[in-house]
Amino acid sequence: MTPEPASAPCDAPPEGWYAWRVAARIDFLVNVLLNGAIAWWFYGAAERVAVAGAASMESMLVPMAFFLGTITSVFGWWNAIRERCAGHGTPPLADSAGWFGRALADGVAAGSSCMAGMWLVLRIVERIAPSATLPGWIAVTAIGAVAGALGYLFHGRAVVRGGRWRAIMV
């Protein structure tokens, strides 16, 4: 009788599987619902909403891009670190591993780049169609969809980054 081969130290799926199939999907739903509700509060009763310029969707999209990129990235790191501390990732981490500063720096960089990208896209839209408007319900739906997509991308990216992070243990 031959012995069974030793199992890997961690039988959990790789962090990429967890990032894109679990964590990012949950973040997608949270951001669609949360930002969609906020957009409904702002624009739900409006007949038409300007896309760019003063008193437009821009007033919600640009700050949302920064906060969404920052917060979902930090929570993505937290999800990855939590999984690794529980022994579900490789290499496992001690609970005392100092990850928050790195996660916050990564989150602020992600949020800043997302905000800059959103601002640029809205400047292009404003340049091409300066008086573009959308019906209120389409504006709400678009904001929810953009929030969900950004949440999915930034959260999944952060889970992968947090899953690959190498703690410096002293």
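Being a predicted model, the structure only gives us computed values, none of them experimental.
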*Which residues share a salt bridge (Lys or Arg N to Asp or Glu O under 4.0 Å) with Arg123, sequence neighbours left out*: Glu58, Glu126

*Between Ile143, Val51, Asn35, which is the residue that forms a side chain to side chain contact (heavy atoms under 4.5 Å, CB included) with Leu61?*
Ile143

_Sole candidate of Val30, Asn31, Val32 that passes side chain to side chain contact (heavy atoms under 4.5 Å, CB included) when paired with Phe28_ = Val32

_Minimum heavy-atom distance between Ala19 and Gly156, given as atom pair plus value_ = CB-O, 3.5 Å

*Which residue pairs pass the side chain to side chain donor-acceptor pair (under 3.5 Å) test when at least one of the two sits in residues 59-70, sequence neighbours left out?*
Tyr43-Ser59

*Could you go step by step and tell me if His155 and Asn79 meet the side chain to side chain donor-acceptor pair (under 3.5 Å) rule?*
CA-CA 9 Å; His155 195 87; Asn79 282 335; 2.8 Å; yes

*Dump the intermediate steps for side-chain contact (heavy atoms from CB on, under 4.5 Å) on Trp17 and Val22, then the final yes or no.*
CA-CA 8 Å; Trp17 182 90; Val22 178; 3.7 Å; yes

*Does NZ or CZ of Arg82 lie under 6.0 Å from the centre of the six-membered ring of Trp78, at an angle within 45° of the ring axis?*
yes

*side chain to side chain donor-acceptor pair (under 3.5 Å) partners for Arg161, two or more places apart*: Asp106

*asked:* If the condition is side chain to side chain donor-acceptor pair (under 3.5 Å), which residues does Arg48 pass it with, not counting sequence neighbours?
replied: Thr133

_Test side-chain contact (heavy atoms from CB on, under 4.5 Å) applied to Ser112 - qualifying residues, sequence neighbours left out_ = Phe66, Val108

*Got a sec, which residues hit ring-ring contact (aromatic ring centres under 6.0 Å, His included) with Tyr152, two or more places apart in sequence or on another chain?*
Trp20

